[in-house]
Engineer: 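Here's a structure for you.
Each chain gets a letter, A, B and so on, in the order its sequence line appears, and its residues count up from 1.
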Number of protein chains: 2
Amino acid sequence: MTVEYKTRTQVVVEEIRKRILSGSIKAGEPLRQAALAEELNVSRIPVREALLQLEAEGLVEFEAHKGATATRLSAEQVTELFELRALLECDLLRRAIPLMTDEVFKAADRVRLKMTAAFEKSDEIISWSELNTEFHLTLYRPAGRHKTVELVHNLMINSDRYIRFHLLLAGGVTKADPEHHALLQLCQSKDIEGACQLLQQHILEAANEINTILVRSESR
Amino acid sequence: MTVEYKTRTQVVVEEIRKRILSGSIKAGEPLRQAALAEELNVSRIPVREALLQLEAEGLVEFEAHKGATATRLSAEQVTELFELRALLECDLLRRAIPLMTDEVFKAADRVRLKMTAAFEKSDEIISWSELNTEFHLTLYRPAGRHKTVELVHNLMINSDRYIRFHLLLAGGVTKADPEHHALLQLCQSKDIEGACQLLQQHILEAANEINTILVRSESR
DNA sequence: GCAGGATATATTGTATACAATAAATGATAT
DNA sequence: ATATCATTTATTGTATACAATATATCCTGC
């Protein structure tokens, strides 16, 4: 087991990210450096550096002399985010399928099972989300496109806040597992077109349902 | 004219970015915080923050306790970068063409003319590069996909260092202008498929030529 | 009461100082 | 001579202190 020494900045990054994704820090909420620093028992320097990193991830917006806020995306922007994912993930999957080994299928299925287990304990939506991300990434990694995978990973993190709506309000979780199962089957039988089509549909359908929820709440 | 007040960190970001893109800081070169701070007459804090931002841009790699280096990409990674651009830029162009107004064509053509002017003064490769970026972005912006455009912009910045090879060694500039002209024509006649195909070719061909140069220099 | 401006307050931006880590150097034993 | 460990040096990471900016409050005149 590696020692995994972490710098304070990294710890702060993870903590703030967790808070934003879990909704404990809401979109648009200002992130005061001093307050966070005191709460996390560090100076403002690591907090600032963490906020900068989170800005790069897209979770935080930083304005000079005015401070940082948790990013708030419009319904339109969320749609763009998901459509971008659809484009990139389909490209990755297309490239990955011919290179998938049995190990990949096994690993993906293990993650899928963990996911259904996490679903039972209904309070573990966050870990379900993480597993969902891991499931998809497992399928993409064989493409060998390191940078693209990382980019998609980041887009997924940015989607996560909104996916929670989908899971809670539109019953996304119940639909997810059969679709994941089918996706795996298609990958295994090397049906590239079928798999990509299902994946695209999987992503865009979620986007649609999230969009209707967001539009409703925006006009409110 | 806006006052455009800049924070020290921002100034440092721009300076270091310029140095990396111009080649004055070479790929793989370590970036010592103290040295940069002294040279730029600031403390290490804005230098650190600048390096973090540049890491997010992909121009710098940061390793805890070991310091930052200018990113060095393998031939394979450069190929991935350009193929990613091809995918995203074609998608943007496809969405943009139906929404392009006359103003867009005029603006794009103005940029194109500036580009040929910059080409005359052969030492202005950097500004040629900036104009090239601007030309393409002008065509993409009507798509209204703010996030995607920004992402592509970043990918272009990352390509710039390598595009310089293409321009200098493979005569990329002479080919560029006719292709840009043709691209504009196709956009104007709303020939989506033709325009996208030309654009893809435009990007992937550059990628190929850069790749051969890089592979040669890697095996050396 | 309200507009405009001066003052005070909160908050961010940056310099300096110190702590922690990693790399380089040198000493010791085999 | 070489490998191993202790010590030094270089460099990064973080806390504290101060400066600059933006926001809020209060005053003044009308």
Side-chain angles (χ1 to χ4, degrees), chain A residues 1-20 24-72 150, chain B residues 1-20 24-72 150:
Chain A
M1 186 177 138
T2 53
V3 190
E4 193 68 39
Y5 182 84
K6 273 181 194 160
T7 189
R8 280 168 216 263
T9 300
Q10 290 170 285
V11 174
V12 175
V13 166
E14 285 167 24
E15 179 60 27
I16 298 179
R17 186 195 291 126
K18 197 172 73 182
R19 292 189 186 186
I20 292 177
S24 126
I25 292 176
K26 274 160 284 184
E29 195 174 319
L31 303 164
R32 299 284 160 226
Q33 296 171 11
L36 286 166
E38 191 180 11
E39 197 180 338
L40 302 173
N41 276 304
V42 296
S43 81
R44 271 175 50 226
I45 299 289
V47 172
R48 279 183 65 82
E49 296 193 350
L51 291 175
L52 281 171
Q53 287 187 232
L54 291 166
E55 182 185 38
E57 281 184 32
L59 294 179
V60 158
E61 266 158 29
F62 217 105
E63 206 171 350
H65 298 287
K66 298 201 180 167
T69 55
T71 310
R72 152 174 275 142
E150 204 165 307
Chain B
M1 185 176 135
T2 53
V3 191
E4 192 68 41
Y5 182 84
K6 271 179 195 161
T7 188
R8 280 167 216 263
T9 299
Q10 289 170 284
V11 174
V12 175
V13 165
E14 285 169 23
E15 178 60 27
I16 298 179
R17 186 196 290 128
K18 197 172 76 184
R19 291 189 186 188
I20 293 176
S24 122
I25 291 175
K26 276 161 284 184
E29 195 174 319
L31 302 165
R32 298 285 159 224
Q33 298 172 10
L36 286 167
E38 191 180 11
E39 197 180 337
L40 303 174
N41 276 305
V42 296
S43 80
R44 272 175 49 225
I45 299 289
V47 172
R48 279 182 67 81
E49 296 193 351
L51 291 175
L52 281 171
Q53 286 187 231
L54 290 166
E55 182 185 38
E57 282 185 29
L59 294 179
V60 158
E61 267 158 26
F62 217 105
E63 206 172 352
H65 298 289
K66 299 200 179 168
T69 55
T71 311
R72 151 175 275 143
E150 204 165 308

Engineer: Which residue, B:Arg44 or A:Arg44, contacts DNA chain D at a nucleotide closer to its 5' end, judged by nearest heavy atom?
Structural biologist: B:Arg44

Engineer: Please tell me if A:Lys66 has a side-chain N or O lying less than 4.0 Å from either OP1 or OP2 of D:dT21.
Structural biologist: no

Engineer: Measure from the side-chain heavy atoms of B:Ala64 and tell me the nearest of C:dT12, D:dG13, D:dA15.
Structural biologist: D:dG13

Engineer: If I take atom CZ in residue A:Arg48 and atom C1' in nucleotide D:dA20, what distance separates them, rounded to the nearest angstrom?
Structural biologist: 12 Å

Engineer: Start at the 5' end of DNA chain C and walk down; is the nucleotide closest to B:His65 or to B:Thr9 reached first?
Structural biologist: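 Here B:Thr9 is the residue nearer the 5' end.
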
Engineer: Establish, with yes or no, whether the OP1 or OP2 oxygen of C:dT14 is under 4.0 angstrom from a side-chain nitrogen or oxygen of B:Thr7.
Structural biologist: yes

Engineer: Calculate, to the nearest 0.5 Å, the distance between atoms CD and CD belonging to B:Glu14 and B:Gln53 respectively.
Structural biologist: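 One gets 10.0 Å once the value is rounded to the nearest 0.5 Å.
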
Engineer: Atom CD1 of A:Ile45 and atom P of C:dA17: how far apart are they, to the nearest Å?
Structural biologist: 15 Å

Engineer: Is any side-chain N or O of A:Gln33 closer than 4.0 Å to OP1 or OP2 of C:dG13?
Structural biologist: yes

Engineer: Provide, to the nearest angstrom, the distance between the CD atom belonging to B:Glu55 and the P atom belonging to D:dG13.
Structural biologist: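 Taking atom P of D:dG13 as the reference, CD of B:Glu55 is at 11 Å.
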
Engineer: Rounding to an integer number of Å, can you tell me how far A:Lys6 NZ sits from D:dG13 C1'?
Structural biologist: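 About 17 Å, once rounded to whole Å.
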
Engineer: Are any non-hydrogen side-chain atoms of A:Arg48 and B:Ile45 less than 4.5 angstrom apart?
Structural biologist: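 Not in contact.
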
Engineer: Distance check, rounded to the nearest 0.5 Å: B:Phe62 atom CZ versus A:Glu49 atom CD?
Structural biologist: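 B:Phe62 CZ to A:Glu49 CD: 7.0 Å, rounded to 0.5 Å.
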
Engineer: Assign each of B:Glu49 and A:Arg8 to its nearest nucleotide of DNA chain C by heavy atoms, then name whichever residue's nucleotide is nearer the 5' end.
Structural biologist: B:Glu49

Engineer: Could you check whether A:Glu39 pairs with A:Arg19 (Lys NZ or Arg NE/NH1/NH2 to Asp/Glu carboxylate O, under 4.0 Å)?
Structural biologist: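 Counted as a salt bridge, because a side-chain N and a carboxylate O are separated by less than 4.0 Å.
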
Engineer: To the nearest angstrom, how far is A:Leu52 atom CG from C:dT12 atom P?
Structural biologist: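 Roughly 12 Å, once rounded to whole Å.
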
Engineer: Within less than 4.0 Å of OP1 or OP2 of C:dA15, is there a side-chain N or O belonging to B:Ser43?
Structural biologist: yes

Engineer: Within this structure, what is the CD-to-P distance between A:Glu38 and C:dT11, rounded to whole angstrom?
Structural biologist: 12 Å

Engineer: What is the distance, rounded to the nearest whole Å, between atom CD of A:Glu63 and atom P of C:dT11?
Structural biologist: 16 Å

Engineer: Mind calculating the distance between CG (A:Leu40) and C1' (D:dG13) to the nearest angstrom?
Structural biologist: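 It works out to 17 Å between those atoms.
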
Engineer: With side-chain contact (heavy atoms from CB on, under 4.5 Å) as the test, pick out the partner of B:Leu54 among B:Val12, B:Leu31, B:Leu59.
Structural biologist: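 In the set B:Val12, B:Leu31, B:Leu59, the residue that makes a side-chain contact (heavy atoms from CB on, under 4.5 Å) with B:Leu54 is B:Leu59.
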
Engineer: Within the pair A:Arg32 and C:dT12, is there a side-chain N or O less than 4.0 Å away from OP1 or OP2?
Structural biologist: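 Yes, because at least one side-chain N or O of A:Arg32 sits under 4.0 Å from OP1 or OP2 of C:dT12.
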
